[in-house]
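Notes to accompany the following structure.
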Amino acid sequence: MSDNIKKCVIIGSGPAGYSAAIYASRANLQPIVYTGPEPGGQLTITTDVENYPGYPNGVQGPEMMEEFKAQAVRFGTEVIFEMITKVDFSGPVHKIWTESGEEIQAHTVIIATGASAKWLGLESEQRLMNQGVSACAVCDGFFFRGQEVAIVGAGDTAAEEATYLAKLCTKVHMLVRRDEMRASKIMQERVKNTENIEIYWNTSTDEILGESEVTGVRVINTKTNEKSEIAVQGFFVAIGHKPNTDMFKDWLDMEESGYLVTKPDSSKTNIEGVFASGDAQDHVYRQAVTAAGTGCMAALDAERYLAAKGII
C-alpha cells in the first residue's frame with residue numbers, strides 16, 4: 001500500500017486550494033485536488049472581480065478560477081471533480097474517503113474547503129445574486145458608488161460592511177431584526193455616528209424587489225407587522241459565514257464557530273501533516289488574495305514537513 005500513499009492531497013478548489021496546488025506541484029509533490037461541490041469556491045458565484053492584482057481590467061470570478069486551475073494543471077496537478085466525505089487523521093498516514101467510497105492515503109493534507117455565506121433563504125435573493133445582491137461589501141461595494149443600498153445584519157461584520165459602504169454610497173439602509181445590535185460597542189458607535197447610515201430596528205426582509213436587477217426591498221416591522229418598501233440598487237447580506245469544516249470536527253482544533261485553528265505564523269493544525277488555508281481558517285479577511293497567500297503557505301509548510309520526514 002505504501003507505494004500508493006500520495007505525497008499531498010488538497011481538499012477544495014478555490015484560490016487557496018489552487019494556489020497550494022501551484023506551489024506543491026512546482027515542488028514535485030504531485031498534488032491531487034479534490035474540487036468539492038463548488039469547483040472554484042465562492043468566486044464561482046461572483047461575477048466581476050476587480051480587486052485581485054494582475055487583472056487591471058477586472059475578471060469574471062469563474063474565469064479567474066479556470067485560470068488558476070490551468071496554471072496548477074500545467075505543473076502536474078491532478079484535479080478530480082469529487083467531494084471528500086470523511087477523513088481519518090489518527091495515524092502518521094492520513095486517510096480520506098471520496099463520495100464514491102474510494103479510500104485515499106496521503107502523507108500531507110491541505111484543507112482549502114472555504115466557507116459559505118449564510119443567506120436569508122429568499123427566492124428573490126438567489127434570483128438576483130450578482131444582479132445587486134451580494135454577501136461581500138468589500139468585494140462588490142465599488143459597483144454601487146453614489147447609489148443607495150441596504151444591508152442586513154447586526155454583528156461586527158455587518159457594522160464594518162455598513163461603514164465601508166457608507167464611504168461609497170449616498171445612503172446605507174441597515175436592517176436589524178431585533179431592537180439591539182450584536183456588534184461590539186465601538187462598532188455600534190461607529191455605525192450610529194455615520195450620518196448616511198439609517199438603522200431600521202425590529203425589521204426583517206420580506207422580499208428583494210426587481211426583475212433582472214435590484215430596485216428595492218420590502219421590509220416588515222416585527223413588532224407591528226407593518227410592511228414598507230425602500231428603494232435601493234444594492235442589497236448586502238451580512239449575517240455571517242459558515243466554514244465548511246464539519247467533517248474535521250473529530251480531528252482538528254477549531255473555534256466555536258467552526259473556523260480551523262492554525263499555529264502562529266503557519267498553516268499547521270494540531271495534527272502533524274495536516275495544514276489549513278483560506279476561508280476555512282480565516283474569519284477576518286476572507287478575500288481571494290489572502291486565501292491564495294495562505295494556500296501558498298500551506299504548500300510550503302507541506303513541502304518542509306515532507307523534507308523533514310525524508311519523504312522527498
Ignoring hydrogens and geometry beyond distance, is a side-chain donor-acceptor pair present between [X] and [Y] at under 3.5 Å?
X      : Y      : answer
Ser134 : Asp140 : yes
Asp282 : Thr294 : no
Gln147 : Thr170 : no
Glu99  : Thr85  : no
Ser266 : Asp301 : no

Would you mind reporting whether [Y] and [X] have side-chain heavy atoms less than 4.5 Å apart?
X      : Y      : result
Glu207 : Val217 : no
Trp97  : Ile84  : no
Gln126 : Leu120 : no
Ile11  : Val109 : yes
Arg218 : Leu209 : yes
Ile10  : Tyr18  : no
Ile239 : Lys118 : yes

Discussion item. Does Lys249 form a salt bridge (Lys or Arg N to Asp or Glu O under 4.0 Å) with Asp253? I'd like the steps, not just the answer.
Written reply: CA-CA 8 Å; Lys249 276 204 168 101; Asp253 291 345; over 6 Å; no
So does [Y] get a backbone contact from the side chain of [X], meaning a donor-acceptor N/O pair under 3.5 Å?
X      : Y      : value
Arg127 : Gly210 : yes
His94  : Glu272 : yes
Thr108 : Gly273 : no
Asn221 : Thr203 : no

Item to complete: Give the ring-plane orientation class for Tyr200 versus His173, where under 30° counts as parallel, over 60° as perpendicular and anything between as tilted.
Response: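 Tilted: the ring planes of Tyr200 and His173 meet at 30° to 60°.
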Fill in: Stepwise side chain to side chain donor-acceptor pair (under 3.5 Å) test for Glu82 and Ser100
CA-CA 8 Å; Glu82 210 172 346; Ser100 59; 2.5 Å; yes
Worksheet item: For Glu67, which residues count as a side-chain hydrogen bond (donor to acceptor under 3.5 Å, both in side chains) partner, sequence neighbours excluded?
Response: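 In terms of side-chain hydrogen bond (donor to acceptor under 3.5 Å, both in side chains), with neighbours along the sequence ignored, Glu67 is linked to Tyr55.
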Worksheet item: Who pairs with Tyr23 by side chain to side chain contact (heavy atoms under 4.5 Å, CB included), at least two apart in sequence or on another chain?
Response: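 With sequence neighbours excluded, Tyr23 shows a side chain to side chain contact (heavy atoms under 4.5 Å, CB included) to Cys296, Ala299, Leu300, given in chain and number order.
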Item to complete: Please identify each residue that fulfils side chain to side chain contact (heavy atoms under 4.5 Å, CB included) with Asn57, with sequence neighbours left out.
Response: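 Here no residue qualifies.
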Practice prompt. Salt-bridge test for Glu103 and Lys86: reply yes if a basic N is under 4.0 Å from a carboxylate O, no otherwise.
Written response: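 So Glu103 does not pair with Lys86 through a salt bridge.
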Discussion item. Any carboxylate oxygen within less than 4.0 angstrom of a Lys/Arg side-chain nitrogen, looking at Glu189 and Lys185?
Written reply: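 No salt bridge links Glu189 with Lys185.
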Worksheet item: Taking everything shown except Glu211 itself, do over 12 heavy atoms lie less than 6.0 Å from its CD?
Response: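 Counting other residues, nucleotides and ligands, CD of Glu211 stays at 12 neighbours or fewer.
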Item to complete: For Asp265, look at atom CG and say whether over 12 heavy atoms of other residues, nucleotides or ligands are found less than 6.0 Å away.
Response: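 No, not enclosed.
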Worksheet item: Between Arg145 and Phe143, is NZ or CZ placed under 6.0 angstrom from the six-membered ring centre and within 45° of the ring axis?
Response: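 No, Arg145 and Phe143 do not form such a contact.
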Worksheet item: At their closest point, which heavy atom of Thr222 faces which heavy atom of Arg177, and how far apart are they?
Response: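 Taking Thr222 first and Arg177 second, the nearest heavy atoms are OG1-O, 3.7 Å.
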Practice prompt. Check the pair Glu303, Lys7 against salt bridge (Lys or Arg N to Asp or Glu O under 4.0 Å), reporting the backbone distance first and the verdict last.
Written response: CA-CA 9 Å; Glu303 181 189 359; Lys7 290 180 194 166; over 6 Å; no
